[in-house]
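Just below is one structure, and these are the notes that go with it.
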Amino acid sequence: MELLDLDLRRRERCRLVATTSDLEGALSLVWRPEWREVALIGDETVVGLHGGAVAHILRGRAGRVEVLSFPPGEQHKVRRTKERLEDRLVELGFDRGCCIVALGGGITMDLAGYVAATFLRGVAHLNLPTSLLAQADAAIGGKTGLNTARGKNLIGAIHQPAAVVLCSELLATLPPREWTEGLVEVVKHAVIADRELFEHLEARADALRRGELDPDVLFRTARIKCGVVEADEREQGLRSVLNLGHTIGHALEMASGHRVRHGRAVAVGLAVEARVAIELSGLPEGEARRVTELLCRLQALERPPVGFDDIVPYLERDKKHRDGQVRMALPRRIGCMDAGEGRYTLAGPETAARRAWRQVEAPA
Ligand SMILES: NC(=O)c1ccc[n+]([C@@H]2O[C@H](COP(=O)([O-])OP(=O)(O)OC[C@H]3O[C@@H](n4cnc5c(N)ncnc54)[C@H](O)[C@@H]3O)[C@@H](O)[C@H]2O)c1
Ligand SMILES: [Zn+2]
């Protein structure tokens, strides 16, 4: 079992623990005695698969455990679902001493985390991610939120979980397509900060595609994200590096009306942005190619169903957009991001992005 303490400036502490299968032991390391009541929140699929076993373990720690669920899918990561969950918490009489346990994928982390951020002006929450994407990314860092008809993650809060428990056994039931979604975020973290991890992913690509993941990889990925969040929780600079692949990725997700899911969209984003990086931040061409090749070997890179012109309006709505220019977080080398004069993003790559998009659409 591996343990990591995330130390945040506002004196909050987030404990992260990783285990292959000892969920009960991992929970006992991070559990706080004041959590006498638990609201276990998850989507219907995950609650159906794991809710009973997890609730059973939690009952050994808390006096009361109630299970609340909502329908799966990005279209349910909205205010209406949050309202329903909140009404239910009020009906059940939960007070400020409760703990919300978020059990599920990234959608549950965002939604249940945001409920915890605002219920009774903020209660404790513990993230128990069950998708690879959530274990590698969404469960860590404290960003919570939901979508509106106008865009993704437009409403939300930063609310750090008191603890994050990564249990790789929970991933066993994940469908293969979801597995690939998560691998993309692992690749992203390696390109951002860990060249050795990237080389490990290259060497093990075939096993990874089949669903075999060395638990150490998860902990390493988590450490990268924790390090960045610790240094810059509120995204004043360094945290922007975590947007690698996401400027193009989010725009593609939106332009396709969510037909292209988050991980697949970020895969295209990583391939395009790596090519942009050749021009803007001096990434060697061979390294950009390695990024694309790894994504292809993981079967994560698919031809986008929309063209570059379709994504342009969404690039203009990107949160990093400044003074009429698109900004991107770009690598100088695999494992090292361009500091961009302290802003960690570079301006003006739309023409470069258009060229790069064409190359990714029609590889030589
Ligand atoms: N807050 C953040 O920092 C952050 C970071 C990255 C992504 N996100 C968000 O995360 C979301 C995507 O996350 P996701 O891909 O995990 O989506 P998700 O929560 O919808 O999970 C994907 C699907 O897998 C199912 N599932 C999850 N775990 C399972 C398991 N163990 N067994 C069987 N089925 C399982 C779910 O029911 C769902 O159908 C997006 O909304 C994205 O915006 C947030
Ligand atoms: Zn992402």
Side-chain angles (χ1 to χ4, degrees), residues 14 23 41-51 53-54 69-78 81 102-114 116-117 125 127-148 151-161 164 166-189 191-192 211 221-222 225-226 228-229 233 235 239 241-250 252-254 258 260-270 273 300 329:
C14 170
L23 181 56
I41 300 184
D43 75 33
E44 287 157 5
T45 309
V46 175
V47 165
L49 287 164
H50 301 287
V54 172
S69 64
F70 59 91
E74 194 74 43
Q75 70 275 27
H76 296 289
K77 200 177 96 174
V78 291
T81 315
L103 174 74
I107 288 178
T108 305
M109 301 299 110
D110 277 354
L111 190 57
Y114 191 30
H125 74 297
N127 282 343
L128 190 44
T130 62
S131 72
L132 180 55
L133 190 141
Q135 293 206 359
D137 197 358
I140 303 162
K143 279 195 183 176
T144 72
L146 36 82
N147 307 329
T148 78
K152 274 196 61 136
N153 304 329
L154 290 182
I155 316 270
I158 293 189
H159 187 64
Q160 290 297 337
V164 179
L166 307 179
C167 175
S168 30
E169 200 177 53
L170 290 170
L171 301 173
T173 53
L174 198 65
R177 268 198 79 79
E178 300 299 338
W179 178 259
T180 316
E181 290 278 310
L183 285 178
V184 176
E185 301 282 8
V186 178
V187 172
K188 178 193 84 170
H189 283 103
V191 176
I192 290 172
T221 308
K225 182 147 185 194
C226 287
V228 172
V229 173
E233 188 187 19
E235 202 163 332
R239 191 165 180 167
V241 300
L242 298 174
N243 281 297
L244 175 64
H246 284 62
T247 310
I248 296 288
H250 276 154
L252 171 56
E253 229 181 319
M254 295 295 297
H258 295 294
V260 183
R261 294 263 320 275
H262 185 77
R264 293 305 203 281
V266 172
V268 173
L270 287 174
E273 293 179 20

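We count ligands from 1, going down the list as the structure has it; atoms in each ligand are counted the same way. Counting from 1, the numbers follow the sequence of the chain as shown.
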*asked:* Quick check on Glu181 - does any of its heavy atoms sit under 4.0 Å from an atom of ligand 1?
replied: no

_At less than 4.0 angstrom from any non-hydrogen atom of Leu49, what atoms of ligand 1 do you find?_
32 (N), 33 (C)

*Near Asp137, which atoms of ligand 1 are under 4.0 Å from a heavy atom of that residue?*
5 (C), 6 (C)

_Residue, atom name and distance, where the atom is the protein heavy atom closest to atom 33 (C) of ligand 1_ = Thr173 O, 3.2 Å

*If we only count heavy atoms from C-beta on, is the Glu181 to Val266 side-chain gap below 4.5 Å?*
no

*contact_flag Pro175 ligand 1 heavy-atom lt 4.0 Å*: yes

*Look at atom 44 (C) of ligand 1 and say which protein heavy atom is nearest, naming residue and atom and giving the distance to 0.1 Å.*
Asp110 OD2, 3.4 Å

*Of the protein's non-hydrogen atoms, which lies at the shortest distance from atom 21 (O) of ligand 1, and what is that distance?*
Gly105 CA, 3.9 Å

*Exam field: side chain Thr144 to backbone Gly156, donor-acceptor pair closer than 3.5 Å*: no

*Give the atom name of whichever N/O/S atom in Glu185 sits closest to the Zn ion (ligand 2).*
OE2

*Any idea which atoms of ligand 1 are less than 4.0 Å away from a heavy-atom of Lys225?*
3 (O)

*Write out the residue and atom name of the closest protein heavy atom to atom 10 (O) of ligand 1, then the distance separating them to 0.1 Å.*
Gly106 CA, 3.2 Å

*asked:* Among Leu174, Val47, Val184, Leu133, which one puts a heavy atom closest to atom 35 (C) of ligand 1?
replied: Leu174

_Between Asn153 and Leu146 (side chain of the first, backbone of the second, donor and acceptor by atom type, cut-off under 3.5 Å), is there such a pair?_
no

*Any sub-3.5 Å donor-acceptor pair from Gln135's side-chain atoms to Pro129's backbone N or O?*
yes

*Could you check if a side-chain atom of Val241 sits within less than 4.5 angstrom of a side-chain atom of Val228, using non-hydrogen atoms only?*
yes

*asked:* Please check whether Glu74 reaches ligand 1 - meaning an N/O of the residue sits under 3.5 Å from an N/O of the ligand, judged on distance alone.
replied: yes

_Under 4.0 Å, counting heavy atoms only: does Arg177 come that close to any atom of ligand 1?_
no

*Return yes if some donor-acceptor pair links the side-chain N/O of Glu273 with the main-chain N/O of Thr247 below 3.5 Å, else return no.*
yes

_Protein residue, atom and distance nearest to atom 42 (C) of ligand 1, heavy-atom basis_ = Lys152 NZ, 3.6 Å

*Verify, without hydrogens or angle tests, whether Gln160 (side chain) and Gly141 (backbone) share a donor-acceptor contact under 3.5 angstrom.*
yes

_Validation row: Thr130, Leu103 side chains within 4.5 angstrom (heavy atoms)_ = yes

*Is Arg239 salt-bridged to Glu233, cutoff N-O under 4.0 Å?*
no

*Closest protein heavy atom (residue, atom, distance) for atom 20 (O) of ligand 1*: Ile107 CD1, 3.2 Å

*Tell me which one of Asp43, Thr45, Leu103, Leu146 gets a heavy atom nearest to atom 38 (C) of ligand 1.*
Asp43

*What is the closest protein heavy atom to atom 26 (N) of ligand 1, and at what distance does it sit?*
Val46 CG2, 3.7 Å

*asked:* List ligand 1 atoms under 4.0 Å from Asn153, heavy atoms only on the residue side.
replied: 43 (O)

*On the 0 to 90° scale, with breaks at 30° and 60°, tag the His262-His250 ring pair as parallel, tilted or perpendicular.*
tilted

_Arg261 bridged to Glu74 by N-O distance under 4.0 Å_ = no

*Among protein heavy atoms, which sits nearest to atom 28 (N) of ligand 1, and what does the distance come to when rounded to 0.1 Å?*
Thr130 OG1, 2.7 Å

*Should Asp137 and Lys188 count as side-chain neighbours, where that means a heavy-atom distance under 4.5 Å?*
yes

*Flag Leu170 as yes when one of its N or O atoms lies below 3.5 Å from any N or O atom of ligand 1, and as no otherwise.*
yes

_Could you check whether any side-chain heavy atom of Leu244 comes within less than 4.5 Å of a side-chain heavy atom of His189, counting everything from C-beta outward?_
no

*Can Glu178 be said to touch ligand 1, with heavy atoms closer than 4.0 Å?*
yes

*Report yes if some N/O of His262 lies less than 3.5 Å from some N/O of ligand 1; otherwise report no.*
no

*Considering only heavy atoms from C-beta outward, does the side chain of Asp43 approach that of Ile107 to under 4.5 Å?*
no

*Report yes if Glu185 has an N/O atom closer than 3.5 Å to an N/O atom of ligand 1; otherwise report no.*
no

*Any N/O of Gly104 closer than 3.5 Å to an N/O of ligand 1?*
no

*asked:* Donor-acceptor pair, distance only, cut-off 3.5 Å: does the side chain of Glu44 make one with the backbone of Pro72?
replied: no

*asked:* Once you restrict to heavy atoms under 4.0 Å, what part of Arg261 touches ligand 1? Side chain, backbone, both or neither.
replied: side chain

_With the threshold set at under 4.0 angstrom, would you say His50 reaches ligand 1 through any of its heavy atoms?_
yes

*Indicate yes or no: at least one non-hydrogen side-chain atom of His76 is less than 4.5 angstrom from one of Pro71.*
yes

*Counting heavy atoms only, which part of Asn147 comes closer than 4.0 Å to ligand 1: side chain, backbone, both or neither?*
neither

